[in-house]
Amino acid sequence: MDEPRPSRFPTRPEDRTIVGRPRPAAVGPGTVLGHTYRIEARLAGGNMGDAYRVRHVELGTTHAVKIIPPAVANNPSLIELLVAEVRKLSGVHNDAIINYEGLLRDEQGLRFLIMEYVEGETLQATMVRRRLEPNEVQGLLERLGRGLAAVHARGIIHRNISPTEIILPDGDVNRAKLIDFGIAQSMDPGDATLIGVDVLAKHAYAAPEQLGLF
């Protein structure tokens, strides 16, 4: 049998057939996630992934999406913990707590968390511009306290409460919402935690017991 003739044209990398799951494409404004959510703008980044403002391509509704980083998305144990936490958080219905609407995965394996989108600046940004009045501080504490009570009733601790994690819709302190439970920890006895024992909260706002002071 004759040996096959080598091609006169060298094979280019882009001509090769890759077998297996395609690599997730880079995301940014204009990218459609799961054939459903079109990215409009990047909102923030953090240890638990980048957050984006997205619009439902059919309903026209606006949402926030957090794309889960590969270090978590490719770890079955961490995904199991994440799913458990999202399941608990989706059962929290309180006006002071951001709504969690779902955890999805597209055909390329990209995982993303769908949340309520809230338009407004952070409490941190507001405090830079002006001093809060005593009645505003009292109302804020009472509102967030009621929200945290609802979260604790579901067995979840936020662990990272700070002015950057509180959004004031249209600058209204009386409508404040606590966001980003990306490093939440289960309170259930014996439950594992998504983060473990590391202190990931901002040190200026961390509870003393997180720093080993008590």
Side-chain angles (χ1 to χ4, degrees), residues 18 20-125 147 150-151 154 156 158-162 164-172 175-184 186 194-195 200:
I18 305 297
R21 177 185 293 173
R23 296 179 60 186
V27 299
T31 301
V32 178
L33 301 172
H35 307 287
T36 305
Y37 299 97
R38 187 182 304 279
I39 293 178
E40 294 186 330
R42 185 176 182 271
L43 298 175
N47 292 326
M48 286 300 297
D50 292 338
Y52 299 87
R53 185 184 75 238
V54 302
R55 188 174 298 275
H56 196 291
V57 296
E58 294 182 341
L59 302 179
T61 50
T62 302
H63 308 262
V65 159
K66 175 168 286 189
I67 296 180
I68 308 302
V72 175
N74 297 329
N75 186 316
S77 297
L78 292 182
I79 284 298
E80 182 179 352
L81 293 173
L82 178 62
V83 169
E85 290 199 342
V86 172
R87 182 179 294 116
K88 291 181 179 181
L89 287 167
S90 64
V92 176
H93 302 289
N94 186 281
D95 196 43
I97 303 297
I98 203 79
N99 288 330
Y100 281 73
E101 301 172 0
L103 180 65
L104 306 178
R105 179 174 57 182
D106 67 12
E107 65 273 13
Q108 293 182 323
L110 185 69
R111 291 182 182 268
F112 47 97
L113 181 62
I114 311 298
M115 300 171 287
E116 173 190 9
Y117 174 71
V118 180
E119 184 72 42
E121 65 181 10
T122 66
L123 176 60
Q124 175 69 31
V151 171
R154 297 288 298 180
I156 293 292
H158 189 286
R159 290 209 312 169
N160 193 32
I161 299 175
S162 72
T164 59
E165 309 301 330
I166 299 169
I167 297 291
L168 307 182
D170 300 321
D172 188 353
R175 295 165 56 202
K177 281 186 178 285
L178 184 60
I179 64 171
D180 200 355
F181 282 75
I183 64 169
S186 173
L194 187 60
I195 300 303
L200 293 186

Provide the closest heavy-atom pair for [X] versus [Y] in the form atom of the first, atom of the second, distance.
{"X": "Leu59", "Y": "His56", "result": "N-ND1, 3.1 Å"}
{"X": "Ile98", "Y": "Glu116", "result": "CD1-O, 3.4 Å"}
{"X": "Leu110", "Y": "Asp106", "result": "N-OD1, 2.8 Å"}
{"X": "Met115", "Y": "Lys66", "result": "CE-CB, 3.9 Å"}
{"X": "Thr36", "Y": "Val32", "result": "N-CG1, 3.5 Å"}
{"X": "Glu40", "Y": "Pro29", "result": "O-CB, 3.9 Å"}

Would you compute the distance between atom [atom1] of [X] and atom [atom2] of [Y] and round it to the nearest 0.5 angstrom?
{"X": "Ile114", "Y": "Leu104", "atom1": "CD1", "atom2": "CG", "answer": "5.0 Å"}
{"X": "Glu58", "Y": "His35", "atom1": "CD", "atom2": "NE2", "answer": "11.5 Å"}
{"X": "Ile97", "Y": "Arg154", "atom1": "CD1", "atom2": "CZ", "answer": "13.0 Å"}
{"X": "Leu123", "Y": "Ile161", "atom1": "CG", "atom2": "CD1", "answer": "12.0 Å"}

Knowing that exactly one of Asp170, Ile167, Ile179 qualifies, which makes a side chain to side chain contact (heavy atoms under 4.5 Å, CB included) with Val118? Ile167
Under the 3.5 angstrom rule, does the side chain of [X] hit a backbone N or O of [Y] as a donor-acceptor pair?
{"X": "Thr164", "Y": "Ser162", "value": "no"}
{"X": "Arg55", "Y": "Gly60", "value": "yes"}
{"X": "Arg111", "Y": "Ile68", "value": "no"}

Side chains of [X] and [Y]: closer than 4.5 Å at any heavy-atom pair?
{"X": "Thr62", "Y": "Arg53", "answer": "yes"}
{"X": "Leu33", "Y": "Tyr52", "answer": "no"}
{"X": "Val54", "Y": "Phe112", "answer": "no"}

Decide side chain to side chain contact (heavy atoms under 4.5 Å, CB included) for Leu103 and Val83; before the verdict, give the C-alpha distance in whole Å, the side-chain angles of both, and the deciding distance to 0.1 Å. CA-CA 7 Å; Leu103 180 65; Val83 169; 3.6 Å; yes
For side chain to side chain contact (heavy atoms under 4.5 Å, CB included), just list the numbers for Gln124 and Ile166, CA-CA rounded to whole Å, side-chain angles, deciding distance to a tenth of an Å, and then say yes or no. CA-CA 8 Å; Gln124 175 69 31; Ile166 299 169; over 6 Å; no
